[in-house]
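Scroll down for the structure; my scribbles are underneath it.
Order of the sequence lines sets the chain letters (A, B, ...), proteins ahead of strands, with each chain counted from 1.
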Amino acid sequence: MTALTLLPFFPLFSFLILIIFSKRLNWQLATVIALSGVGLSFLASVLLINDLYAVSQSSDISAGVRESLWTWFMLGEHEVQVAFFLDPLSAVMIAVVTGVGWLIHGFAAAYMREDENYSRFMAYMNLFICAMLILVLADNLVLLYLGWEGVGLCSFLLIGFWYQEPGNAIAARKAFIVTRIGDTLLALGLFYLFLETNTLNIQEILAQQDSSPLSSEAAWWIALLLLGGAVGKSAQLPLHTWLPDAMAGPTPVSALIHAATMVTAGVYLIARMQGVYLQAPDILNLVAWTGSLTLLIAGIAALAQEDIKRVLAYSTMSQIGYMMLGLGAGANVAAITHLMTHAFFKALLFLTAGAIILAAHHQQNIFHMGGLLKRMPLISILFVIGIAALIAFPGTSGFVSKEAIIGQLWQSPTAGPAFWWMAILGAFITSLYSFRLVFITFFGQYRGQHELHPQRHFLLLVPLCMLAVLAILGGYIPTNLEQVFVAVDAPDSQSPSWLHSVAIGLPLVAIVVAYVIYFPRANATEPVPGKGSLYRFSRNGLGFDATYDALLVKPFVKLAKLNRHDAIDLLVQLISWNAFTWNSAAKAIQSGRLRWYAATLGIGTIILLLGVML
Amino acid sequence: MIDIPITHVFMISALLFCVGFIGVLARRNTLFMLMSLEVMLNAVGLAFVGAGSLWQEADGQIMFILILTLAAAEVAIGLALLIRMQHQRHNVDVDGLSQLRG
């Protein structure tokens, strides 16, 4: 199967062409190159998934397809290969990455049309797709780490794409540095894993868990360190602070990287290493805690945001929190399904938000919007479809996956009723902030200063419509994920019969609450952002940024200032001081006077002669 | 032929060398410096000839001829430079040529 070996390299080729010829390409040519790179990958992944599906139909247990390219390097006795592995889990991931990525590329082509660095933008997007495909297809953890760092790099490049604005460059740096903490933990986890199992091949590690499992202490540490990496990349507590600032990038970037694909890499990692996590139930419990706390905190922060993209960023964190919670509770299939459906509806939400921002002349404050339903009806309806999927409105894709997660929480051995309540509360908050956003943005009077100019390019609208279809129906795509995951046996306890109706009903109650609080009425004044200190606290992300600033950044800067004239520096300065001193001494001798030179020559000769004679 | 003691030859030679050297140091006029250099060269030449006659070898005189050739070449270049100097600066004061100071 050559399609598998070529799959990640199509976007790499188009990246190379775009970056080499960058400004010599006009818009049409660059668009064709960028879209065909990702499009070919998408076609290849459709073919591959079709084959995989056929194979899994014919045999009971699918081992997946492995394709080795070449040996990368030797690690002692262990051979690290550049090899790709496709099973239902990575199949879901490549389908999401290439499929959603392709639609977002199409949208981005229209969105970034006027930008002078258009080719560079599309090149970075292609490079991102390539790195993400390497991440999800990697057969061993070293190659996975390559993709992991690759997506981090692309994220940095794209957040800071408009680097002329200092704020964007700061946001890019912040994302890079914060995720770097997670990456370091992940690297440490890989070292420990190699030390214990003497291999980094994922399938070998997982196979070893049956015959000779890790010691419980080793499994505990490895699972914890891998979780650290996942937490950094997936913007979970406590390393989540970079994601809201990452919205400084162009909107298609937010859709592709910071909502649909890259931030789910942590979820993928934990799902992939499920065999290791099953050895450490404590850490699975911690995963569930991380997810549930993140989904609550992000939801509360989203309630007070004024920037449309920041609302969506916090909602992304919260939805990834659901995925983490699902993984922690052993609901792996539901969590990965939610990953997929979330990619559909969050990409849709971000892209429609991008269309609104484009029409509103890069105005992102929802309090300067309002009344958009009448002015941009198509975009508004698409946005509301996305919101419906986000709050798990019955019948949408989000409903299928989120209810599947919530439904397994109550009985799960590593979660339990407390987590169920947190997830339900999170769903309530999700619904509340979603409809706050909808009511303030789309209803009432238009409050912007500039006239709206909705764009009607087909590349802008076609991806949106396709994503809307996926957001509604995407939950019914067959995934075959049950083959990948070991089923966690739940104790056969009875769960109360009211669970499902509460889980379905509460988000709908929240819509009514949001209507009462936020709906702009005809006779009322314009909606304004809140003024209270609680509101401000919540808008600033519940003080995490301020805490980190006070605890880490400020002391570091102070220390750096203190240490500006440090001892080691003095040692280095001694060398330069030495050179300077001798230079000025030698300079004084070189007067340019010939007779003076002759006299010193004579004196020197006399001294020499005297020295010889005496 | 009267035998001249070798020490006398060397004393004359050293004296001439010192006179020449002091001339190089004391004069600011480049022409006189060149002339003083000639005196120094000839002092060395005298020492060679004296030494050659002491050991009855031709080497001393060969060295003197070598020095003579060298002096001729040196004067040729020196005078050419002197003419350029006079042409450009309208004087031949060697202290004026200190632009190369570091």
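With a 6.0 Å radius and a threshold of 12 heavy atoms from other residues, nucleotides or ligands, A/Glu165 has its CD atom at or below the threshold. The neighbour count for B/Met40 CE, taken as heavy atoms of other residues, nucleotides or ligands under 6.0 Å away, is above 12. More than 12 heavy atoms of other residues, nucleotides or ligands lie within 6.0 Å of OH in A/Tyr118, so this atom counts as buried by the packing criterion. Taking a 6.0 Å sphere around CZ of A/Phe556, one finds it holds 12 or fewer heavy atoms contributed by other residues, nucleotides or ligands.
For the pair A/Arg593/B/Val94, no side-chain contact is recorded, criterion being any heavy-atom separation below 4.5 Å from C-beta on.
When every heavy atom of A/Ala598 is checked against every heavy atom of B/Val24, the shortest pair comes out as CB-CG1, 4.3 Å.
Salt bridge status for B/Asp95 with A/Arg595: present, with a side-chain N to carboxylate O gap under 4.0 Å.
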